[in-house]
Amino acid sequence: MTRLRRKALVALFLFTLFIFGAMMGLRTLKPSDGFSDLAPGIGIDFPGEKPDRRRLDGRDVAQVSPGQFHTGSSSSSSSDTKVVFTRSDREYSIFYDVHIFYYLWYGSPSMDNKYIHWDHVLVPHWDPKIAASHAQGRHTPPEDIASSFYPELGAYSSRDPAVLEAHMAQIEAAAAGVLVLSWYPPGVADDHGEPTEDLVPVVMDAAHRHSIKVAFHIQPYKGRTDQSMHDNIKYIIDKYGKHGAFYRFRSSTGRVLPLFYVYDSYLTPPESWAELLKTKGSHSIRGTSYDGVFVALIVEERNKHDILASGFDGIYTYFASNGFSFGSSHQNWKAIKAFCDANNLLFIPSVGPGYVDTAVRPWNNHNTRNRVNGRYYDTSLQAALSVRPEIVTITSFNQWHEGTQIEKAVPKKTVARLYLDYQPNQPDHYLELTRQWAENFNKEKDKWLM
């Protein structure tokens, strides 16, 4: 009996030793992220910068299928799928299939001799009876700004280099690889701002330092036509096309092309767009050095047919208020995606953390979407994920007027105002949520492509 017990103990000891050895062996194997072991030796180092950046080729992790687009490799730009940052304690990535809308229209006395946009007027309702029951006038920064939230950086200027650097660090922290810059031609601005085209090179330089790419969100300036758009596209590509931060995208045909978002595209009739965007148009850019991937805004359901007839390459939804428009309603995304797939169009849903624009449109509280500590954002992100898009856009990094920002905000109370904030969470809460979701989005995409 003693001998049997001894044999059993020896067997148990040997078995335990085997398990321990196997586990130690497994621990020496580095978990693969699905990229580094597929593309050895193609990383690009950025001397003198911390953290280390390794640029990885998207061709090893994405495939082109009918009706789809994807980011891919390019000698001159952006078309990698992600960048991996290596710090002493961890690795993390930014993703070029997560795009974020960015606004450059803010000004302050220190840089611009006055406040710009923070002092936005209270827009009156078009019905005089409704307008009469709401506040009028304009905001008086810095204590009273045209937003329901208050930025951690205060009522800043978009011209401040320190602000731009802080913004790029926040966008990097959120893992968004493409900044979609709200753009007006030289000398042109929105109704409440001033021209900012001269700032674009500075933005691109700041983005490049963080391996972030820049795409252009062309706004509906007065007099925008298919012909003026031709001139705009030529201007942008000629001036910025060789910059290291200029974003390009690999289309289903294998061409690597600039990608442009066209806001309020429905204001121009399809037959006019066709002159620019169809191969037989009178001033077509197709097949020329100014060709691109052009993405139109869908607001109403009928817009999708006009978008197709116009010669656009894709559709985006922009608005962060679920239910505000046909395009921004999550329940319609599956049908829009099916339409896009059937017509070889790219569908890019836009998601946001919430919506509240009553600081500039005091009569519009019925379109407010409360953040619920991030749960609204999560619902939007999951709705986007469910339609398996190639790209997702975030509305927005810093559209403070409409309360869609993920930029850091802080609690603030004045004599006349109590601002909303992200509490009980930290100022970077929505940056962190965006990163977590971007990482999950890319893991899910890997599964779709398997």
Side-chain angles (χ1 to χ4, degrees), residues 101-109 114-158 182 189-194 219-220 263-264 267 297 299-300 317-329 350-373 375-377 380 395-423 430:
F101 293 111
Y102 184 85
Y103 292 87
L104 200 57
W105 55 26
Y106 300 106
S108 67
K114 60 181 177 180
Y115 285 106
I116 304 172
H117 262 271
W118 299 116
D119 65 344
H120 199 289
V121 297
L122 294 164
V123 180
H125 195 276
W126 52 87
D127 183 335
K129 292 181 180 178
I130 297 175
S133 64
H134 292 282
Q136 300 178 20
R138 65 188 314 127
H139 291 277
T140 54
E143 296 297 289
D144 170 34
I145 66 170
S147 171
S148 294
F149 294 85
Y150 204 86
E152 184 181 69
L153 296 173
Y156 57 74
S157 170
S158 297
S182 179
D190 68 280
D191 291 340
H192 305 283
E194 301 208 351
Q219 297 298 309
Y263 190 70
D264 280 359
L267 294 175
L297 177 67
V299 177
E300 300 177 11
T317 63
Y318 185 76
F319 299 106
S321 181
N322 181 27
F324 170 70
S325 69
F326 173 83
S328 71
S329 299
S350 304
V351 301
Y355 187 94
V356 53
D357 68 354
T358 51
V360 292
R361 302 180 189 102
W363 38 265
N364 198 35
N365 54 15
H366 60 281
N367 280 315
T368 295
R369 301 293 181 268
N370 293 320
R371 295 188 174 218
V372 204
N373 294 326
R375 289 197 289 277
Y376 179 85
Y377 198 23
S380 301
T395 305
S396 64
F397 178 75
N398 64 339
Q399 222 297 14
W400 289 90
H401 302 319
E402 295 180 346
T404 61
Q405 80 290 336
I406 66 167
E407 183 183 352
K408 292 181 180 180
V410 292
K412 186 174 179 67
K413 182 179 181 181
T414 71
V415 174
R417 297 279 306 267
L418 175 62
Y419 289 90
L420 300 175
D421 56 54
Y422 303 162
Q423 290 186 332
Y430 291 94

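Here the shortest heavy-atom pairing between V351 and Y377 reads CG2-CE1, 4.3 Å. Between Y419 and I145 the shortest heavy-atom distance is OH-N, 3.0 Å. Of all heavy-atom pairs between V123 and W363, the closest is O-NE1, 2.7 Å. Shortest non-hydrogen contact noted between S396 and F101 is CB-O, 3.6 Å. For the residue pair A320 and G354, the shortest heavy atom distance occurs at CB-O, 3.8 Å.
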Pairs of donor and acceptor atoms involving the side chains of residues 124-137, under 3.5 Å and at least two apart or interchain, shall be tabulated with distances.
unit_1, atom_1, unit_2, atom_2, d
H125, ND1, D127, N, 2.9
D127, OD1, K129, N, 2.9
S133, OG, I130, O, 2.8

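For the 3.5 Å distance criterion, the side chains of S321 and S328 fail to qualify, holding no donor opposite an acceptor. Between the side chains of D357 and Y355, at least one donor-acceptor pair of N or O atoms lies under 3.5 Å.
Residues passing the side chain to side chain donor-acceptor pair (under 3.5 Å) test with E300 are R302, sequence neighbours excluded.
For R417 and Y150, the positive end is not near the middle of the six-membered ring at less than 6.0 Å and at most 45° from its axis. Note that R138 lies outside the cation-pi zone of Y115, set by a 6.0 Å cut-off to the ring centre and a 45° limit from the axis.
Using modelled atom types, no side-chain atom of R371 and backbone atom of R369 make a donor-acceptor pair closer than 3.5 Å. For the pair S108 (side chain) and Y156 (backbone), a donor-acceptor distance under 3.5 Å is absent. Side-chain N or O atoms of Y106 include one that pairs as donor or acceptor with a backbone N or O of N398 at under 3.5 Å.
Ring-plane geometry between Y263 and Y318 is classed as perpendicular, the angle between the planes exceeding 60 degrees on a 0 to 90 degree scale with a lower cut at 30. Classification of the H401-W118 ring pair by plane angle, with boundaries at 30° and 60°, yields perpendicular.
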